[in-house]
Protein chains: 2
Amino acid sequence: MEHISIGDDIDGYDPAAYDRPSVTVDLVLLASIERQLHALLLRRDQSPQAGCWALPGGFVAIDESLDAAAARVLRDKVGMERAHLEQLYTFGAIDRDPRMRIVTVAYLALLRPEQMARAERAGRVTAATLVGDPLRACNGEGTDLSLAFDHRAILSVARERLRGKIDYSDLAFAFLPERFTLRALQDVHEAVLGTTLNKPAFRRKMLDRGQLVATGDREADASHRPAELFRVRDAAV
Amino acid sequence: MEHISIGDDIDGYDPAAYDRPSVTVDLVLLASIERQLHALLLRRDQSPQAGCWALPGGFVAIDESLDAAAARVLRDKVGMERAHLEQLYTFGAIDRDPRMRIVTVAYLALLRPEQMARAERAGRVTAATLVGDPLRACNGEGTDLSLAFDHRAILSVARERLRGKIDYSDLAFAFLPERFTLRALQDVHEAVLGTTLNKPAFRRKMLDRGQLVATGDREADASHRPAELFRVRDAAV
DNA sequence: AAAATAGTGTCTTTCAGACAGTATACA
DNA sequence: TGTATACTGTCTGAAAGACACTATTTT
């Protein structure tokens, strides 16, 4: 066999001749609940980092695209059939996993509250609250959770991505059911941005965008004046 | 050896037991020249896709981070020591390369005109102009170039990334020398966005941002009133 | 003086924040 | 009737587009 260094051109390169990184996908599964971002995590029961919390992930097979691998992990490890999935960033530091060299492609999945609740009931994953800056993950009692590997950095990049895109994209709707109130939409924006927003300005901006359709119906079970329900025009999201 | 399917947990997985994708980095090297974006490409002389133009790229070694691999490719394949490099997106379709399964992490490098000219003179790469929507790559005579693999899609994502970030980030300065006129800065914005901008509004916005420092010097060799030279405050970029 | 571009003053429009007010549900 | 929240009208200020105007250099 011809001797070719790793730096040589791809043409004529024998992929079996050298050690190569493995490729995985990791999923950041987020929902917006009560004006706070929540993420689904798995508790590690094996070394290394036993007791730490990790993102659901898995290897990318040779005959599987990255997007397909992300969808498969969502199905097999989280028990969810469909979600708004988009590629986030690829993490490839040499020592990010002590077991072997792994390059992981992180995906962002945006869930509705009832999707996250169903996944939690299935029992494989647990929701944590994402708070503060820099980001921390907390359990229901407000105790900080230790995150495995570089997963805290991955969660931070996910939140930054949301913050950068929520103003001009449709991603907020992926957190909401088909019909929702303007207050619920504003709650999503506030959860993502970590700030409070001006209500009249928010209403004007959303309505002027022409993307929302009033249904004429109103929310039920409110102990006060019920708000109107809207939906997204077309099949956006 | 225990039989473990590719979908199983990473713990206990033997990376040598299964075929795995290879990982490469590909570089999108852009400059803004005469109000147009230009990219550096390599002409392929081997099958497949001989005669097509490709992005400079190379395999990621087992002991090398993704960022380090991108810097190495920049050095070895383009002959450039340093540039503003940032990760763009990861492309992992199964059939994106007919030779083998390759997942490529695309990086974006922003060059100053003189950096691009020097790389071209070194002879390994050639500059193409990026025009139109959807994006096309043209040579100096305006003839369209065929791009190899999914490299046209990669270039498109790169241009979209620039368009999305130029308004609120510092990336425009990476296209400019240390001292530059406001007209040159506006030219960069117009090249990236593919539109013309309002001059007084652009000046106001840039100066009000407080990021520019007037040097008091003026450009030389203009056949008209010379413009003032500015630089970026601190060591941004 | 002519040509060309740099740089500015100002009008107008648009849009977001602030805040007070009205409307409508439940208790 | 009280209270809580939905929803709206309007003022104000910030910022962008349009456009005309002045300034300064070379030829």
Side-chain angles (χ1 to χ4, degrees), chain A residues 32-35 163-169 172 176-177 179-232, chain B residues 32-36 113 163-170 172-173 176-177 179-232:
Chain A
S32 165
I33 296 164
E34 286 170 359
R35 235 173 283 193
R163 288 180 175 176
K165 285 187 72 175
I166 196 167
D167 274 345
Y168 65 89
S169 80
L176 292 167
R179 288 146 51 99
F180 51 86
T181 65
L182 283 172
R183 179 73 242 178
L185 181 59
Q186 186 171 344
D187 283 345
V188 168
H189 278 74
E190 294 181 348
V192 167
L193 297 173
T195 61
T196 58
L197 298 171
N198 182 274
K199 185 165 75 159
F202 184 82
R203 289 182 64 89
R204 265 189 317 235
K205 188 163 64 170
M206 288 302 146
L207 293 173
D208 290 355
R209 198 171 281 181
Q211 208 173 173
L212 296 180
V213 182
T215 64
D217 296 340
R218 305 188 158 266
E219 62 181 336
D221 65 28
S223 71
H224 48 76
R225 174 174 174 180
E228 182 160 18
L229 292 167
F230 290 80
R231 60 177 182 79
V232 182
Chain B
S32 165
I33 295 163
E34 285 168 2
R35 235 172 285 193
Q36 286 201 302
R163 287 179 176 178
K165 285 186 71 173
I166 196 166
D167 273 345
Y168 64 88
S169 80
D170 295 341
F173 303 125
L176 292 167
R179 287 145 52 100
F180 51 85
T181 65
L182 282 170
R183 179 73 243 175
L185 182 58
Q186 185 171 346
D187 284 345
V188 167
H189 278 75
E190 293 181 347
V192 167
L193 298 172
T195 60
T196 59
L197 297 171
N198 183 275
K199 183 168 72 158
F202 184 82
R203 289 181 66 87
R204 264 187 316 232
K205 186 163 66 170
M206 289 302 147
L207 294 174
D208 290 356
R209 197 170 283 182
Q211 208 173 172
L212 297 180
V213 181
T215 63
D217 296 341
R218 312 193 148 262
E219 63 181 336
D221 66 26
S223 70
H224 49 76
R225 175 177 172 179
E228 182 161 17
L229 293 167
F230 291 80
R231 61 177 181 79
V232 182

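So that the names make sense, note that chain A is the first sequence line, chain B the second, and so on, each numbered from 1.
A heavy atom closer than 4.0 Å to some atom of DNA chain D occurs in A:K199, A:P200, A:R203, A:R204, these being the qualifying members of residues 197-210 of chain A.
Residue A:E228 contributes atom CD, which lies 17 Å from atom P of C:dA23 at whole-angstrom precision. When the P atom of C:dA25 is taken as reference, atom CZ of A:R225 falls 7 Å away, rounded to whole Å. Rounded to whole Å, atom P of C:dA6 lies 10 Å from atom CG of B:L182. What separates CG of A:D167 from C1' of C:dC15 is a distance of 14 Å, to the nearest Å. The distance between atom CZ of A:R218 and atom P of C:dT24, rounded to the nearest whole Å, is 9 Å.
Residues A:F230 and A:M206 have side chains not in contact (no heavy-atom distance under 4.5 Å, counting atoms from C-beta outward).
Closest approach of A:D167 and A:K205 over heavy atoms only: OD1-NZ, 4.3 Å. When all heavy atoms of B:E219 and B:R225 are compared, the pair lying nearest together is OE2-O, 4.3 Å. The nearest pair of heavy atoms linking A:R163 to A:V192 is NE-O, 2.9 Å.
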Handout entry: Stepwise side-chain contact (heavy atoms from CB on, under 4.5 Å) test for B:V213 and B:V232
Key = CA-CA 6 Å; B:V213 181; B:V232 182; over 6 Å; no
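From the 5' end on, the contacts that DNA chain D makes with chain B at under 4.0 Å to a non-hydrogen atom open and close at D:dA16 to D:dT26.
To the nearest 0.5 Å, the span separating CZ on B:R203 from CG on B:L185 amounts to 10.5 Å.
The stretch residues 197-220 of chain B participates, sequence neighbours left out, in these ring-ring contact (aromatic ring centres under 6.0 Å, His included) pairs: B:H189-B:F202.
Using a distance-only test at 3.5 Å, with no hydrogens or angles considered, no donor-acceptor pair links the side chain of B:E228 to the main chain of B:R218.
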